[in-house]
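What you see is a predicted model, and the numbers here were worked out from it, not measured in a lab. So that the names make sense, note that chain A is the first sequence line, chain B the second, and so on, each numbered from 1.
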Amino acid sequence: MQNLLHNLNPEQLAAVTLPAQSALILAGAGSGKTRVLTTRIAWLIQTGQVSPQGVLAVTFTNKAAKELLTRLSAMLPINTRGMWIGTFHGLCNRLLRAHHRDAGLPQTFQILDSGDQLSFIKRLLKANNIDDEKFPPKTLMYFINSAKDQGLRAAQVDAYDEFNRKLVGLYDLYDAQCQREGVVDFAELLLRTYELLSRNQPLREHYQARFKHILVDEFQDTNDLQYKWLKLMAGAGSSRGAAVFAVGDDDQSIYAFRGANVGNMSAFEREFEVQNLIKLEQNYRSHGHILDSANILIANNSKRLGKNLRTDAGHGEPVRVMEASSDIQEANWIIEEAKNLIREGLPRSEIAILYRSNAQSRVIEHALFSANIPYRVYGGQRFFERAEIKHAIAYLQLMDNLHNDSAFLRVVNFPTRGIGARSLEQLQDAAKQHACSLYAAVPYVGGKAGSSLAAFIKLIEGARFETQYLPLPEMVQIVIELSTLKTHYQTEKEGADRIENLDQLVNAASLFVSEEGFGKDAPALTGPASANTVLLENGDGNVIIDADAALPTVMSPLSAFLSHASLEAGDNQAQAGQDAMQLMTVHSAKGLEFDAVFITGLEEGLFPHENSAQEESGVEEERRLMYVAITRARQRLYLSFSQTRMLHGQTRYNMRSRFLEELPEESLKWLSPKIQPQWFGNKKSAWDDAPAVGANRIAQNFNQVADANAWRIGQGVAHPKFGEGVIVNIEGSGTNARAHINFGKFGMKLLDLSIAKLEKI
DNA sequence: CCTAACGCTCTTTTT
DNA sequence: GAGCGTTAGG
């Protein structure tokens, strides 16, 4: 135990050894958050305060869960199997598998990833003759997901107008169709579990009694439903409730756009009667100038719990700032600086290039490629999202659940077997008429022996029969062959990579079987009974099976593998292993750290992003994003922006980011001359002072590119409706040019210069 | 029924 | 500029 607590600083020590009460740990960037979390669990177990079975630790990503588990097994000589450590979704999946009957789900229910969900919705709209111009699939998807993320069923959503009433109706239809097909989206995993536990008292009490300590990572990222879920799981309010140990950083809350609610932190303090609030403010990562920049930047945010990072490291190098004339020049500059760093002895993998949006990576990649520097881009397509893998998985899904229409439609004519749109339309009509799945509807549409559809059914049935007693990897192998996916890609000229990936899928299945404890001889389609299964009597004399840690107790290897494929989309790293520079969005950099970091594209409209600039809360989230970006750096930090940039095939002329003005002068070193733009006189908003713009360099630069008659930044204009205003920014060129114009009391407008009736004044 | 050409959109992302 | 979805033609 001595060495467990060894080397913790006083705050960390205090957090790790807190009594069994709910606690909120405000853990700043680089303050040893994961260390505290793992040591806390190890300490609780080692001191006998809790058994491994009594621990529930929740994370957001599989990566974080895995890291928790590995670091924990290094600390503790015990089997970690008894502990429940996983993502919200992974844990809910386990619960729903074990209690599928109580949750009203088929045993082989399948999980829709976001791509699946979108095509599911498109299909729903088409089947119900809904105009997808008026109700775009993405809008509906967002509507449904955010309702579920708040814990609301269709009936509970407040429909305040005609449009919303329609959306609610579609939400209801959507849920019904999911139920019919035996599929569940990500948010549903949580909502279903929440409803299951709130309705089923014996079950709820069983789990509440079991988990004495609940630990939550990245608490600032929880949404409303996850918070309610935690309250239920912990038995909040009851005297025997679990101790919830929540670790988070409100300054790193960057996922509000997908439902995360930082307000959960203060709600937690209140509702869990938190007596122990501990701030971890000692930073072990960054040099002084970098940390000062982060602290001073984030101080511009109004809604904060308040926290200031400090370091014992010296000031270190100043933060270097560069203005480039174009995005291409920006990329070339980055590469020159990176070469210097590499020459100084930095490994390439310790240099990261961050950007706000993925579209920015192309120019940088091109420059790196020309310079012959190995690099790795994060955030590309994941393994399980590749088309060929999705197809193979769909065959398996269909075999596991014949009513999964999404899977049916994906592969019924792939590879092509002469089943076209017309036959499928008929089939869909028949399915609707008989209220059954597409698979079951085949006999109704002349699925006579010999027809293409009948042949397809025969294929699926044959595959089921042939593989029913085979271990999972063989099963996958055979399905890839029988489906003719392999031969299809063999005849395709670019198919070699795809075949390689299909082989990888068989490997993934083997790996999954050995890692998740599915014996190689276990039958693939039926779940084996297990000695680990815990049986309990509930009040009605019914039996509750505790969903214990090992998946084999509650589901078949195939179902488990399919869940795995949806819940863990797999690595998206290209050529791992090589010492390569790291390219990624700021979002995906969260949780990582590097010796040297480049933050690129620091321009108004890009970072902060224009879609976030409308509301103050949007700008504050962008600022937190910038804070996350800065705090990734250990020793060197470079900031860059460009006068011109190609975006969506058009040249844009952006002002430099307001965030640059918010950094401490004394920590910065400008590598290019710093031109003082007049519109940054105050810190409210970059737009506010726009009318004061006179001749400035960006405008001049714009004039060099465009012809003399063109509109220019700073030009005063008159509009028939909005009156007098001034051009603040121009994007695009020629007939596509649009301008941000500040019309004073009418506010900022974005007008098409070739359409709007504007006069120069 | 299948392929090629056009036209629209377009943050951030994990599960 | 690129990827997707729709439409026109083979």
Side-chain angles (χ1 to χ4, degrees), chain A residues 58-65 86-93 111-119 122 126 132-133 136-138 142 145 148-149 184-191 193 217-218 221-223 225-226 253-260 327 354-363 366 378-382 384-385 387 413-425 452 563-570 572 584-591 601 605-614 618 621-622 624-626 628-629 645-652 731-732:
Chain A
V58 201
T59 64
F60 278 87
T61 66
N62 293 300
K63 199 172 145 206
T87 62
F88 277 103
H89 297 85
L91 297 170
C92 286
N93 180 44
I111 302 164
L112 300 177
D113 67 27
S114 16
D116 299 335
Q117 191 187 14
L118 190 63
S119 31
K122 285 177 185 165
K126 204 163 260 170
D132 59 3
E133 301 250 301
K138 281 208 174 121
Y142 178 79
N145 288 341
K148 288 191 180 184
D149 282 344
V184 179
D185 61 49
F186 285 134
E188 182 73 21
L189 283 170
L190 278 117
L191 184 51
T193 308
D217 191 19
E218 306 277 15
D221 287 339
T222 51
N223 63 33
L225 177 56
Q226 285 157 344
S253 157
I254 55 174
Y255 287 111
F257 72 91
R258 64 174 200 221
D327 46 357
L354 309 185
Y355 33 82
R356 172 68 240 266
S357 67
N358 283 308
Q360 288 165 252
S361 78
R362 258 199 39 255
V363 177
H366 181 79
Y378 283 73
Q381 218 189 16
R382 320 286 207 74
F384 285 106
E385 285 166 358
N413 198 33
F414 192 91
T416 48
R417 40 179 77 88
I419 301 170
R422 222 164 49 89
S423 339
L424 288 178
E425 216 167 281
S452 310
S563 294
H564 169 80
S566 300
L567 288 176
E568 197 167 344
N572 52 18
M584 66 195 82
T585 62
V586 180
H587 280 92
S588 38
K590 191 173 155 204
L606 205 64
F607 198 1
H609 197 275
E610 53 196 344
N611 295 3
S612 311
Q614 316 309 121
E621 177 144 324
E622 295 285 309
R624 290 191 294 269
L625 203 47
M626 182 67 184
V628 168
R645 181 175 299 277
M646 279 293 273
L647 200 64
H648 307 322
Q650 294 182 328
T651 308
R652 306 200 358 163
E731 48 185 66

- [ ] Among A/R258, A/R624, A/K590, find the residue that satisfies the salt bridge (Lys or Arg N to Asp or Glu O under 4.0 Å) test when tested with A/D221.
- [x] A/K590
Task: Residue A/R258, side-chain atoms from C-beta onward, closest of C/dG1, B/dT14, B/dT11 - done: B/dT14
- [ ] May I ask you to verify whether the side chain of A/S114 and the base of B/dT15 hold a donor-acceptor pair under 3.5 Å?
- [x] yes
TODO: Please determine, for the side chain of A/N358, which listed nucleotide (B/dT13, B/dT14, B/dT11) has the closest atom?
DONE: B/dT13
Task: Salt-bridge present (A/D327, A/R652; N to O < 4.0 Å) - done: no
TODO: Between B/dT15, B/dT13, B/dT11, spot the one nearest the side chain of A/H89, thanks.
DONE: B/dT15
Task: B/dT13 OP1/OP2 closer than 4.0 Å to side-chain N/O of A/T585 - done: yes
TODO: Return the value, rounded to whole Å, for the distance between atom CD of A/Q226 and atom C1' of B/dT15.
DONE: 9 Å
Task: Sugar-phosphate, base or nothing in reach of A/F60, heavy atoms under 4.0 Å - done: sugar-phosphate
Task: Short side-chain N/O contact to B/dC1 OP1/OP2 from A/S423, under 4.0 Å - done: yes
Task: Donor/acceptor link under 3.5 angstrom from A/R356 side chain onto base of B/dT12 - done: yes
Task: Nucleotide nearest A/N611 (side chain, heavy atoms from C-beta), chosen from B/dT11, B/dT13, B/dT15 - done: B/dT11
Task: Reported CZ-to-CG distance for the pair A/R382 and A/D113, which is rounded to 0.5 angstrom - done: 10.0 Å
Open item on the list: Strictly below 4.0 Å: does A/R382 bring a side-chain N or O up to OP1 or OP2 of B/dT14?
Closed with: yes
Open item on the list: What's A/D185 touching, base or sugar-phosphate or nothing? Going by heavy atoms closer than 4.0 Å.
Closed with: nothing
Open item on the list: Could you tell me how far apart A/R652 (CZ) and B/dC10 (P) are, to the nearest whole angstrom?
Closed with: 14 Å
Task: Residues A/K126, A/D132: salt bridge by 4.0 Å N-O rule - done: no
Task: Proximal nucleotide (of B/dT13, B/dT15, C/dA2) relative to the A/R362 side chain - done: C/dA2
Open item on the list: Could you check whether A/S566 and A/S563, counting side-chain N and O atoms only, form a donor-acceptor pair closer than 3.5 Å?
Closed with: no
Open item on the list: Classify the ring geometry of A/Y255 against A/H587: parallel below 30°, tilted from 30° to 60°, perpendicular beyond 60°.
Closed with: tilted
Open item on the list: If you assign each of A/G418 and A/V586 to its closest nucleotide in DNA chain B, which residue comes earlier from the 5' end?
Closed with: A/G418
- [ ] Taking only the side-chain heavy atoms of A/Y255 (C-beta and beyond), determine which of C/dG5, B/dT13, B/dT15 contains the nearest atom.
- [x] B/dT13
Open item on the list: As a test of reading the structure: which of C/dG5, B/dT15, B/dT11 is closest to the side chain of A/K122, going by heavy atoms?
Closed with: C/dG5
- [ ] Answer with base, sugar-phosphate or nothing: what part of the nucleic acid does A/A421 contact at a heavy-atom distance below 4.0 Å?
- [x] sugar-phosphate
Task: Glycosidic class, syn or anti, of B/dT11 using a 90° window around 0 - done: syn
Open item on the list: On the nucleotide B/dT15, are OP1 or OP2 found under 4.0 Å from the side-chain N or O atoms that A/K63 carries?
Closed with: no
- [ ] Decide if atom CZ of A/F257 counts as having more than 12 heavy atoms of other residues, nucleotides or ligands within a radius under 6.0 Å.
- [x] yes
Open item on the list: For B/dT11, is there a stacking contact with A/H609, counting only centres under 5.5 Å and planes under 30°?
Closed with: yes
Open item on the list: What's the closest nucleotide to the side chain of A/M646 if the choices are C/dG1, B/dT15, B/dT12?
Closed with: C/dG1
Task: Which nucleotide in B/dT13, C/dT6, C/dG1 has an atom nearest any side-chain atom of A/D132 - done: C/dT6
Task: 5' precedence on DNA chain B between A/E621 and A/S566 (nearest-nucleotide basis) - done: A/E621
TODO: Using a 4.0 Å heavy-atom cut-off across all strands, classify A/G420 as base, sugar-phosphate, or nothing.
DONE: sugar-phosphate
- [ ] Report which part of the nucleic acid A/T416 touches: base, sugar-phosphate, or nothing (heavy-atom distance under 4.0 Å, all strands).
- [x] sugar-phosphate
- [ ] Let me know the distance between NE2 of A/H648 and C1' of C/dA2, rounded to the nearest Å.
- [x] 11 Å
Open item on the list: What is the distance, to the nearest angstrom, from the NE2 atom on A/H366 to the C1' atom on C/dA2?
Closed with: 16 Å
Open item on the list: Checking contacts here: which listed nucleotide (B/dT11, B/dC2, B/dT14) is nearest the side-chain heavy atoms of A/S588?
Closed with: B/dT14
